[in-house]
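Let me begin by presenting the structure, written as structure tokens, before commenting on it.
Numbered from 1 within each chain, the chains take letters A, B, ... in sequence-line order. These numbers were taken from a predicted model, which means no experiment stands behind them.
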Number of protein chains: 2
Amino acid sequence: MARAATTTDAFNAVAEPRRREILDALAGGELAVGDLVELLGLAQPQVSKHLRVLREVGLVDVRDDGRHRLYRVNGAPLRAVHDWVSQYERLWNERFDLMDDVLDELGTRPPTDAGTGQGD
Amino acid sequence: MARAATTTDAFNAVAEPRRREILDALAGGELAVGDLVELLGLAQPQVSKHLRVLREVGLVDVRDDGRHRLYRVNGAPLRAVHDWVSQYERLWNERFDLMDDVLDELGTRPPTDAGTGQGD
DNA sequence: CAAACATATACCCATATGGGAATGCGTCAA
DNA sequence: TTGACGCATTCCCATATGGGTATATGTTTG
């Protein structure tokens, strides 16, 4: 069993720092493999392999251009990641925690709106 | 070198589906290991191991309660993930493109960016 | 056609992984 | 104290990984 394949989903794909670097590099626009090799300072085969993973989860698209292959980002698969992570936003946003504390202390969680006059 | 350790950061920690399930389960509030074992249908040692990973990246906190250990989520480390992914939001959110179009037509684009719009 | 260039693959290897089973250890009950 | 309970840790193993090196495939140029 070991670990799930990195080619499974976007979560796994972007868990690898190099692949995030690749996506960041491609965020500026299409790039050929050779460009990425230079930018990342990685060996060409490694870059190609990472690109393959990214392609398999749909995070990048390719386009043939002579003897070059131009890669570009496709952020769609990141949406799942974003959606999942967003559910926890309140857990790192101090403002929410403070509000919770206050409401807890008051022991009177209002059914709809607190009288403290804060309605975001 | 193989893959980076999963205990390295939140990206790696949440790449594992089981760990996301654990966090989701804990999102409702503190839970003991045994509760998670039941909820996830995993063996106890496996749950403990996943919890350890989550603890090492700071995604959960523990509290001793007699012979139980209550775990709770700490979303802070997810902020880095959220921030990184958010950079790509415009790439999957059509609304941004539409908004770009509208602003273009109105000719009232705020002075922040005068990009010719990177279409597809 | 041959040679040079740009990428993708194949192969090898050290390592991290996650599950399974057994066990260690602290806590509570009798 | 003994025993049951709850959880963490250890050991074993099959597997996926990512880097390194060599090579295959496809394209442009001479």
Side-chain angles (χ1 to χ4, degrees), chain A residues 1-26 30-73, chain B residues 1-26 30-73:
Chain A
M1 319 281 167
R3 153 176 292 204
T6 69
T7 55
T8 293
D9 56 32
F11 280 96
N12 273 293
V14 303
E16 171 63 45
R18 301 299 197 170
R19 285 195 283 266
R20 264 173 303 183
E21 284 182 43
I22 289 181
L23 291 178
D24 288 341
L26 292 177
E30 280 185 337
L31 284 181
V33 179
D35 300 327
L36 291 168
V37 169
E38 261 196 67
L39 286 171
L40 300 189
L42 266 183
Q44 176 267 312
Q46 273 57 272
V47 173
S48 281
K49 283 187 233 173
H50 283 308
L51 284 171
R52 182 178 191 177
V53 172
L54 292 173
R55 241 192 316 159
E56 301 208 344
V57 300
L59 275 168
V60 297
D61 292 325
V62 213
R63 180 167 76 85
D64 262 23
D65 177 42
R67 52 184 173 182
H68 291 245
R69 306 202 78 186
L70 302 181
Y71 283 82
R72 57 183 306 202
V73 188
Chain B
M1 304 351 180
R3 154 175 290 205
T6 69
T7 55
T8 292
D9 55 33
F11 280 96
N12 274 293
V14 303
E16 171 64 43
R18 302 296 198 172
R19 284 195 284 265
R20 262 172 296 165
E21 284 181 44
I22 289 181
L23 291 177
D24 287 341
L26 292 177
E30 281 185 335
L31 284 181
V33 178
D35 300 327
L36 291 168
V37 169
E38 261 197 69
L39 286 172
L40 302 187
L42 266 182
Q44 176 267 312
Q46 274 55 273
V47 172
S48 281
K49 284 187 230 174
H50 282 309
L51 284 171
R52 181 178 191 176
V53 172
L54 292 173
R55 243 192 313 159
E56 301 207 343
V57 300
L59 275 168
V60 298
D61 291 326
V62 213
R63 180 167 77 85
D64 262 23
D65 176 42
R67 50 184 174 181
H68 292 246
R69 304 202 79 186
L70 301 181
Y71 283 82
R72 59 184 305 196
V73 188

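Near DNA chain C, meaning a heavy atom under 4.0 Å away, the residues from residues 14-23 of chain B are B:E16, B:R18, B:R19.
The CG-P distance, from B:D65 to D:dG6, rounds to 12 Å in whole Å. Whole-Å rounding puts the B:H50 NE2 to D:dC7 P distance at 16 Å. Summarising the geometry, the separation between CG on B:D64 and C1' on C:dG26 is reported as 9 Å, rounded to the nearest angstrom. Distance CG (B:L40) to C1' (C:dG20): 17 Å, rounded to an integer number of Å.
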Could you pull out all donor-acceptor pairs under 3.5 Å where a side-chain atom in residues 33-45 of chain B meets a protein atom, sequence neighbours excluded?
from  : atom 1 : to    : atom 2 : distance (Å)
B:D35 : OD2    : B:A32 : N      : 3.0
B:Q44 : NE2    : B:S48 : OG     : 3.1

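When the side-chain contact (heavy atoms from CB on, under 4.5 Å) test is applied to B:R72, the partners found at least two apart in sequence or on another chain are B:E30, B:D61. Not counting sequence neighbours, B:R67 has no partner by the side-chain contact (heavy atoms from CB on, under 4.5 Å) test. Scanning for side-chain contact (heavy atoms from CB on, under 4.5 Å) contacts around A:V57 gives A:A13, A:L59, with sequence neighbours left out. Remark: A:R18 pairs with no residue by the side-chain hydrogen bond (donor to acceptor under 3.5 Å, both in side chains) rule, at least two apart or across chains. Considering only residues two or more places apart in sequence or on other chains, B:E56 meets the side-chain hydrogen bond (donor to acceptor under 3.5 Å, both in side chains) condition with B:R52. Residues passing the side-chain hydrogen bond (donor to acceptor under 3.5 Å, both in side chains) test with A:R55: none are found, sequence neighbours excluded.
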Protein-nucleic acid N or O pairs under 3.5 Å, nucleotides 6-12 of chain C:
from  : atom 1 : to    : atom 2 : distance (Å)
C:dA6 : O4'    : A:R67 : O      : 3.3
C:dA6 : O3'    : A:R67 : O      : 3.3
C:dT7 : OP1    : A:V33 : N      : 3.3
C:dT7 : OP1    : A:H68 : ND1    : 3.4
C:dT7 : OP2    : A:G34 : N      : 2.8
C:dA8 : OP1    : A:R69 : NH1    : 3.3
C:dA8 : OP1    : A:Y71 : OH     : 2.5
C:dA8 : OP2    : A:S48 : OG     : 2.5
C:dA8 : N7     : A:Q44 : NE2    : 2.6
C:dA8 : N6     : A:Q44 : OE1    : 3.3

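Using a distance-only test at 3.5 Å, with no hydrogens or angles considered, no donor-acceptor pair links the side chain of A:N12 to the main chain of A:A15.
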